[in-house]
Amino acid sequence: MVEELVAAGIALASAGALYVMAGARVVKQYERGVVLRLGRLMSAPREPGFTMIVPGVDRMRKVNMQIVTMPVPAQEGITHDNVTVRVDAVVYFKVVDAADAVVKVEDYRFAVSQVAQTSLRSIIGKSDLDDLLSNREKLNQGLEVMIDSPALGWGVQIDRVEIKDVSLPETMKRSMARQAEATRDRRARVINADAELQASKKLAEAAQAMSDQPAALQLRLLQTVVAVAAEKNSTLVLPFPVELLRFLERSGLQAQARTEAYERRGAAAGPGAGPDVRPEAVDAGPTPATAPRSAQPSAAQPSAAPLSGTAPGAEAAAALEELPEAEQLP
């Protein structure tokens, strides 16, 4: 009899141990346990630690409360300015209500993933290419609001959304590269033009200062020669004064004007006019400003009268009057 009681006690203890082992559950610190008793949700999720459920009656589902990092597959779409792009993103979310995450949605991870993909496509269609490339903070905030609106009813809170990469077609990449190169070239030209403007102003001030002292220009010329010779070059280039070229040009114009005036005078006076004055002699002589009065022909000299004894005509007189004006050409 005693042996039977002992055996029954051992059997009862074993059954109790098995019952406790079957109903014992351990909830981790980052988890919450949602208990369904006969299909009915219990009042509050189980807190972390050791807990007991009724075996065969209760069903407990553990929900992870950590922040979940979910990559969004790359979505291909057309932007507002008709550019085809591929954009992928990443979503950070966490469960704030374990009961809603279990009861109100079948699979909250899959639901968040689908909402993120559709929201990303919507953002691509509403945005321009420049916004996708440079104004991502604003797009991230808009994408977060679009995903967080339905997720709040599932007991899920969207922590943040980030657009990772924007893939462009090769033709668009080349076009953008050319645009960037043209922009850089424009900025370089503007900077060079600004530098030339500043340099021209400084050179004008320097020229004005040197015009007061002509010797300063000569000293500057000598400094330039010294700077060039300091490089130990085999060839030395000396600048040619522009004033000398202008002087030679004025001299040539004056000689040409005197020659033409004498030719017109001879043609107007006729073949019987006074002594023939050669242009070579005129060019070889002094300038009209320094020539003696005897070398300058005038209407009062006898050589201006024709040899035939007749009075000079009106055309010859007009030619004689034109001669002083021709000699005074610059």
Side-chain angles (χ1 to χ4, degrees), residues 30-32 63-98 100-101 104-202:
Y30 54 85
E31 295 177 339
R32 297 295 183 271
V63 179
N64 193 338
M65 306 297 290
Q66 292 177 319
I67 294 178
V68 180
T69 303
M70 177 180 293
V72 181
Q75 302 296 313
E76 184 173 354
I78 300 176
T79 61
H80 189 265
D81 50 355
N82 298 325
V83 178
T84 303
V85 295
R86 288 177 60 88
V87 182
D88 55 350
V90 57
V91 180
Y92 302 90
F93 68 93
K94 63 181 179 179
V95 178
V96 294
D97 194 336
D100 291 343
K104 293 186 177 182
V105 63
E106 180 181 3
D107 188 352
Y108 66 90
R109 290 175 178 265
F110 181 74
V112 172
S113 176
Q114 294 302 311
V115 171
Q117 294 181 32
T118 55
S119 301
L120 183 59
R121 283 180 173 271
S122 178
I123 286 293
I124 292 174
K126 295 179 181 179
S127 305
D128 294 335
L129 180 60
D130 294 338
D131 294 335
L132 287 175
L133 296 177
S134 60
N135 195 13
R136 293 189 180 182
E137 292 295 332
K138 182 178 179 181
L139 297 180
N140 292 337
Q141 294 177 1
L143 189 59
E144 180 180 348
V145 172
M146 294 180 65
I147 300 175
D148 194 40
S149 298
L152 286 176
W154 305 333
V156 177
Q157 180 183 358
I158 304 300
D159 188 67
R160 62 184 303 175
V161 182
E162 295 285 345
I163 296 177
K164 291 197 303 183
D165 187 21
V166 178
S167 300
L168 300 176
E170 293 297 330
T171 55
M172 181 57 64
K173 291 181 180 180
R174 290 194 294 267
S175 299
M176 294 177 66
R178 290 195 298 268
Q179 179 183 2
E181 184 178 357
T183 303
R184 293 290 181 179
D185 190 14
R186 178 181 62 84
R187 292 176 59 184
R189 291 186 179 184
V190 170
I191 293 174
N192 289 334
D194 191 12
E196 291 294 337
L197 177 60
Q198 295 179 7
S200 63
K201 292 181 179 179
K202 295 300 181 181

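- What you find for Glu76 and Arg86 is that their closest heavy atoms are OE1-NH1, 3.5 Å.
- Here the closest non-hydrogen pair linking Ala111 and Trp154 is CB-CZ3, 3.5 Å.
- Under a cut-off of 6.0 angstrom, the local environment of CZ in Arg109 is sparse, with at most 12 non-hydrogen atoms contributed by other residues, nucleotides or ligands.
- The heavy-atom pair separating Gly153 from Asp100 by the smallest distance is O-CB, 4.5 Å.
- Note that CD of Glu144 is 10.0 Å distant from OG of Ser149, once rounded to the nearest 0.5 Å.
- Distance check: Gln114 CD to Ile147 CD1 gives 11.5 Å after rounding to the nearest 0.5 Å.
- Distance CE/Met65 to CD/Glu31: 10.5 Å, rounded to 0.5 Å.
- The local environment of CD1 in Ile78 is sparse, with at most 12 non-hydrogen atoms from other residues, nucleotides or ligands closer than 6.0 Å.
- In this structure, CG on Leu120 lies 8.0 Å from CG on Asp88, to the nearest 0.5 angstrom.
- Side chain of Thr118 to main chain of Val115: a donor-acceptor pair is present (N/O by atom type, distance under 3.5 Å, no hydrogens or angles).
- Going from atom CD1 of Ile67 over to atom CZ of Phe93 covers 10.5 Å, rounded to the nearest 0.5 Å.
- A donor-acceptor contact shorter than 3.5 Å links the side chain of Ser200 to the backbone of Leu197.
- For Glu106, the CD atom is loosely surrounded, since the number of other residues' heavy atoms within 6.0 Å does not exceed 12.
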Q) Which is it for Leu129 and Met172 under the side chain to side chain contact (heavy atoms under 4.5 Å, CB included) test, yes or no, and what are the steps along the way? A) CA-CA 11 Å; Leu129 180 60; Met172 181 57 64; 4.1 Å; yes
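- Checking side-chain atoms of Asn192 against main-chain N and O of Ala188 turns up a donor-acceptor pair under 3.5 Å.
- What you find for Pro150 and Met146 is that their closest heavy atoms are CD-O, 3.3 Å.
- Taken from CG in Asp130 to CE in Met176, the straight-line distance is 7.0 Å, to the nearest 0.5 Å.
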Side-chain polar contacts of residues 155-170 - donor-acceptor pairs under 3.5 angstrom, sequence neighbours left out - could you list them?
unit_1 : atom_1 : unit_2 : atom_2 : d
Arg160 : NE     : Glu162 : OE2    : 3.2
Arg160 : NH2    : Glu162 : OE2    : 2.3
Glu162 : OE1    : Asn140 : ND2    : 3.2

